[in-house]
Amino acid sequence: MASPWLNSALLLALSALSAGAVLCHQTPDLSGVALVPAPKTRPLNDLANQLEQTALKQESVFVISEGQINDYLVRRLRGQPSGVTAKVATFDRVLVEMNEGVVRLHLCWNVLGHMQVARVDLAIRRTKEDFTVEILQGAYGRLEVPRAMLTPLIPALRELARACKPEIQALFKLPQIRLSKDKVVLNSRF
């Protein structure tokens with residue numbers, strides 16, 4: 001017969017795992033993410049070209065709102081899972097939430113009719129010669145996790161970086177990038 005201490009420890013571990021599973025499947029509150037619904041008839045702005053023009057002018061400040069970025073990403077990105085997951089899950093969208101010094105990427109999938117959201121918090125820092133993008137932390141649903149637990153999202157993040165490569169390259173040509181609440185301020189002056 002097992003000791004009461006062992007039973008208590010096993011029950012505690014099982015309870016923690018169950019609570020984590022429930023939190024992972026709860027959809028987080030995305031009401032704070034700004035969306036600018038644009039008419040589908042309006043042509044999609046070429047964000048990469050706008051960023052390159054700002055870098056060339058070297059005298060202007062370019063401000064992009066969170067809503068404009070989200071509208072651009074929703075209209076531009078289309079994804080299709082491959083393999084076994086394609087039968088039960090479809091990629092829905094990427095939403096960006098701007099805060100002081102931090103960008104939150106919300107990766108949304110529709111899994112058997114339920115919205116599943118994974119979040120990655122990123123910081124962009126300027127070094128002497130380059131920019132560095134650092135993963136700070138994240139979440140699966142409402143379960144907050146440290147960055148070491150975000151390893152399963154690496155393929156999705158790589159695919160997102162590949163799809164947005166022209167925009168990312170144009171963005172990092174600018175010497176100053178400042179993240180503010182609900183917007184990103186880009187300055188082309190050195």
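Summarising the geometry, atom NE2 belonging to His25 is positioned 10.5 Å from atom CG belonging to Leu143; distances are rounded to the nearest 0.5 Å. Atom CD1 in Ile135 sits 10.0 Å away from atom CG in Asp121 (nearest 0.5 Å). One finds the CG atom of Asn49 at 11.0 Å from the CD atom of Glu167 (value rounded to the nearest 0.5 Å). The CG atom of Leu186 sits 6.0 Å away from atom CG of Leu171, with the distance rounded to the nearest 0.5 Å. The line from CD1 of Ile124 to CZ of Phe172 is 5.0 Å long, rounded to the nearest 0.5 Å. Residue Leu73 holds its CG atom at 5.5 Å from SG of Cys164, rounded to the nearest 0.5 Å.
Atom CE of Met115 sits in a crowded spot, with more than 12 heavy atoms from other residues, nucleotides or ligands closer than 6.0 Å. Within 6.0 Å of atom CZ in Arg178, 12 or fewer heavy atoms from other residues, nucleotides or ligands are found, so the atom counts as exposed in its surroundings. Summarising the local packing, CZ of Arg147 is surrounded by 12 or fewer heavy atoms from other residues, nucleotides or ligands at distances under 6.0 Å.
Residues Asn99 and Lys181 share a closest heavy-atom pair of OD1-NZ, 3.4 Å. Nearest heavy atom pair, residue Asn70 against residue Val94, reads OD1-O, 4.3 Å. Listed here is the closest heavy atom pair of Val102 and Leu179: N-CD1, 3.8 Å. Residues Val145 and Gln137 come closest through the heavy atom pair O-CB, 3.7 Å. The nearest pair of heavy atoms linking Ser180 to Val185 is OG-CG2, 4.3 Å.
Residues Leu136 and Tyr140 do not share a hydrophobic cluster, defined by chaining ILVMFWY side chains whose heavy atoms lie under 4.5 Å apart.
A salt bridge is absent between Glu97 and Arg119: the closest approach of a Lys/Arg side-chain nitrogen to an acidic carboxylate oxygen does not fall below 4.0 angstrom.
The side-chain heavy atoms of Cys108 and Gln116, taken from C-beta on, include no pair separated by under 4.5 Å.
Proximity of a side-chain donor or acceptor of Arg125 to a complementary backbone N or O of Phe131 within less than 3.5 Å is not detected.
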